[in-house]
Q: 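Have a look at this one.
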Amino acid sequence: MDDGIVGRTLTRVIVVDDEPLARDILRQYLAERPDLEVVAECANGFEAVRAVGELKPDLLFLDVQMPKLDGFEVLELLDRRPRVIFVTAYEEHAVRAFEVQAVDFLLKPYSLERFREVLTRALRVGGPQEDSRVDRVLESATERRKPLQRVLVREGSDIQVIHVQKLDYAEAEDDYVRLASGGKKYLKQQTLADLEKVLDSSRFVRIHRSFIVNLDRLARVELYAKDSRIAILHDGTKLPVSRSGYAKLKDLL
Amino acid sequence: MHPILGKSGRLGLFLVTWVTTATLFLSISLDPGDVSLSRWMLFVVPLATLHAFISLAAWFPCRVTPLRSSGLSRIVTTHLLGAVVISLGWSACAFLLAYAADLIARQSFSTVVSENTMSLLGLGAILYVVSVTLFYLIIEFENARNAENKQSELTALAREAELSALRARIDPHFLFNSLNAVASLCGSDPSLARRMSILLAEFLRSSLRMDGQRTIPLADEWRLGMKYLEIEKVRFGDRMVVEAAIDERAGVFPVPPLILQPLLENAVKHGISGLVEGGTIRVQAHEAGGKLHLEIENPIDEDRSTIDGEGIGLANVTRRLDVLYGREASLERRLAGGLFCVFIVLPRLEEGKR
């Protein structure tokens, strides 16, 4: 895929920005490149996730501050990430992360020369190394947002935003987590350990190798058999509690 | 805390000076009679040292009768009483010391003391007055220094407020995004680009001009606000609608400059820009009971809103209101049904109340 950008094939581009004029200037600058085709313009994160999933572009111009989902959250939700050029007005932390990781970015307002330079670089370099840089930018964005306020889940083209207050518990399922919220369950590709790291540790407790529970939902803990306990939630759900999990609960309650 | 007793350096200096001075006074004003000079000094130095310690007590009457807030008669009575008590006490101690010295050294110190009673009483009173003067000087000096510290603290606070006001005025984010819009319009709509750059210049110029003014009519503040909102409307297009109702009497009401501006910026930054569909910003102002009632309402994405971001601009305004009006002004916020609303009530700012 990464080699497919060069050659005679048209490079497919998606432009994502909530401001029409900001999308417009990108289109103006892109007009001088007949080898690039703008296949979609998106005004918010939801549209972007959907469009990237359906249209599978090669290159994404991505605004960072947007309604619904910001640029980082969009990338988090994509299965297959195209090459990304971040576009942002002054955003201190983000820009530092971009510079440190040497990912491609445009600072608004940007000149045609700067645009050409970044575009050329983005079309030339690529591959796993570039991907891992973007990964690190996403990590630093997640780190800044800690503790997590909302969990994003994508099911096909449908995106669910689950507020952590509404999250009842999370259950490990191989490389996925099953998130329970208000009687519904959502599957997200993330390990339970990774989820645990970003949740507020004073409200969410890993009570078992495979379970994290929201303390607000916890009704009581009962002795189930010798040395084994179960947590009972307000809605009656029963979850196993390990010995170390019980120790953590006792510390917090 | 005692200004001399509490600090060992000062205490040392005070004792040395005081004992020397008092010894000198005692040697001059008391006639040793037939007591030898060296023995006389053995008597005088402890007496002077005793007086030094007694004088330290003069600080307490000084503290309870401060020069500035006490009447002259009160100051005079207090220290007259102090002088009598201290010189009597000290003279009594001198007698005791003299009798003791008589027993030990077999000399007639007591005769000398009784012959010089009046001088001793007078000297005690004079030294008391000297010590009172000294303490008043120390107190005045410290008051002046405190006032100076307080003044510089106030200046620092004022400067900080100005700085943060400046930050609220020219939000780099807003500027960069607007300039990006101008750059974009240069290609697609040059006349709108021209209009946008003029709006930006006017906005910046008016906000700089407001600098240093104590109050401005609300109408002037709102004119600046409208410029700002017009610029943002170019950026957000149909997503942003503004509705304003500012009645005539509210328009002439004096307000601190740039009190509305951060709230409008909040409404755009944390409200409109976070909503796919955008929404309407409503500004209302009316005068009632001699007070200005100001209301700014904007829709907000409740899934996204973090009160922190909203809080910085608001905290700024709250603090400025607090500094300018004390408890007379109020700022309340409410988040309900996807609408964020700020209510401000301001009294008329009296002259010279800054």
Side-chain angles (χ1 to χ4, degrees), chain A residues 15-32 42-48 63-70 73 87-95 106-115 144-152 159-166, chain B residues 167 170-197 199-200 230-240 265 268-279 298-310 312 338:
Chain A
V15 170
V16 186
D17 199 304
D18 63 319
E19 293 181 30
L21 292 171
R23 296 196 299 272
D24 206 53
I25 192 167
L26 273 170
R27 214 169 338 100
Q28 290 170 38
Y29 285 176
L30 282 165
E32 65 168 24
C42 307
N44 63 66
F46 281 179
E47 282 180 18
D63 184 15
V64 178
Q65 293 83 25
M66 283 185 299
K68 296 288 179 197
L69 304 173
D70 68 26
E73 290 171 322
V87 187
T88 181
Y90 188 62
E91 221 323 338
E92 205 184 15
H93 303 291
V95 168
L106 290 168
L107 267 183
K108 292 174 183 174
Y110 45 90
S111 65
L112 183 58
E113 289 72 30
R114 167 74 183 157
F115 173 81
R144 278 200 310 279
R145 278 195 298 248
K146 253 163 86 170
L148 197 67
Q149 293 299 313
R150 53 207 205 124
V151 189
L152 305 170
I159 298 156
Q160 292 290 338
V161 178
I162 305 166
H163 260 261
V164 291
Q165 293 103 298
K166 291 176 186 153
Chain B
R167 236 174 283 137
I170 308 168
D171 175 13
H173 219 124
F174 159 68
L175 264 185
F176 293 138
N177 276 317
S178 303
L179 289 171
N180 194 50
V182 173
S184 174
L185 288 168
C186 285
S188 57
D189 188 347
S191 68
L192 187 54
R194 192 178 303 144
R195 166 141 188 74
M196 182 84 160
S197 37
L199 273 173
L200 265 172
E230 208 177 329
I231 295 165
E232 296 287 47
K233 239 176 108 71
V234 175
R235 281 178 54 204
F236 291 106
D238 301 337
R239 271 166 71 199
M240 194 176 115
E265 281 175 21
V268 175
K269 210 166 152 181
H270 303 289
I272 304 299
S273 78
L275 290 159
V276 174
E277 303 296 326
N298 61 271
I300 199 163
D301 181 358
E302 281 180 286
D303 281 350
R304 280 299 287 275
S305 71
T306 47
I307 294 304
D308 316 355
E310 200 84 40
I312 297 164

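Predicted model, so just to flag it, every value in this text is computed and none were measured. In what follows, every heavy atom counts, from backbone to side chain, and hydrogens, waters and symmetry copies are set aside. Chain naming here is simple, since letters A, B, ... match the order of the sequence lines and numbering starts at 1 in each.
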Q: With rounding to the nearest 0.5 angstrom, report the CD1 to CG distance, Ile25(A) to Asn180(B).
A: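 So the CD1 of Ile25(A) and the CG of Asn180(B) are separated by 5.5 Å.
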Q: Val276(B), Asp189(B), Leu179(B): which one forms the most heavy-atom pairs within less than 4.5 Å of chain A?
A: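 Heavy-atom pairs under 4.5 Å are most numerous for Val276(B).
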Q: Does any backbone or side-chain atom of Tyr29(A) lie under 4.5 Å from a heavy atom of chain B? Answer side chain, backbone, both or neither.
A: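 Neither part, no heavy atoms under 4.5 Å.
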Q: Count the heavy atoms belonging to other residues, nucleotides or ligands that lie under 6.0 Å from CZ of Arg194(B), then report whether that count exceeds 12.
A: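 No - once you tally the heavy atoms of other residues, nucleotides and ligands closer than 6.0 Å, there are 12 at most.
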Q: Is it the backbone or the side chain of Asp18(A) that comes under 4.5 Å from a heavy atom of chain B, or both, or neither?
A: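 Asp18(A) touches chain B through backbone and side-chain heavy atoms alike.
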Q: When rounded to the nearest 0.5 angstrom, what distance separates CZ in Phe176(B) from OG1 in Thr88(A)?
A: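 Reported to 0.5 Å precision, the distance equals 10.5 Å.
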Q: Return the option, out of Cys186(B), Gly187(B), Gly237(B), with the maximum number of heavy-atom pairs under 4.5 Å with chain A.
A: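 Ranked by heavy-atom pairs under 4.5 Å with chain A, first place is Gly187(B).
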Q: Tell me, side chain or backbone of Val234(B) under 4.5 Å from chain A's heavy atoms, or both, or neither?
A: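 Contact with chain A: backbone and side chain both.
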Q: Step through the shown structure and confirm whether more than 12 heavy atoms of other residues, nucleotides or ligands are within 6.0 Å of CD on Gln165(A).
A: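 Counting other residues, nucleotides and ligands, CD of Gln165(A) exceeds 12 neighbours.
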Q: Heavy atoms only: give me the nearest Arg239(B)-Pro67(A) pair and the separation to one decimal.
A: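 That would be NH2-CG, 3.6 Å.
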Q: For Glu19(A), is it the side chain, the backbone, both or neither that has a heavy atom under 4.5 Å from a heavy atom of chain B?
A: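 Glu19(A) touches chain B through backbone and side-chain heavy atoms alike.
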Q: Quick check for you: among Pro109(A), Pro20(A), Ala43(A), which has the greatest number of heavy-atom pairs under 4.5 Å with chain B?
A: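 Ranked by heavy-atom pairs under 4.5 Å with chain B, first place is Pro109(A).
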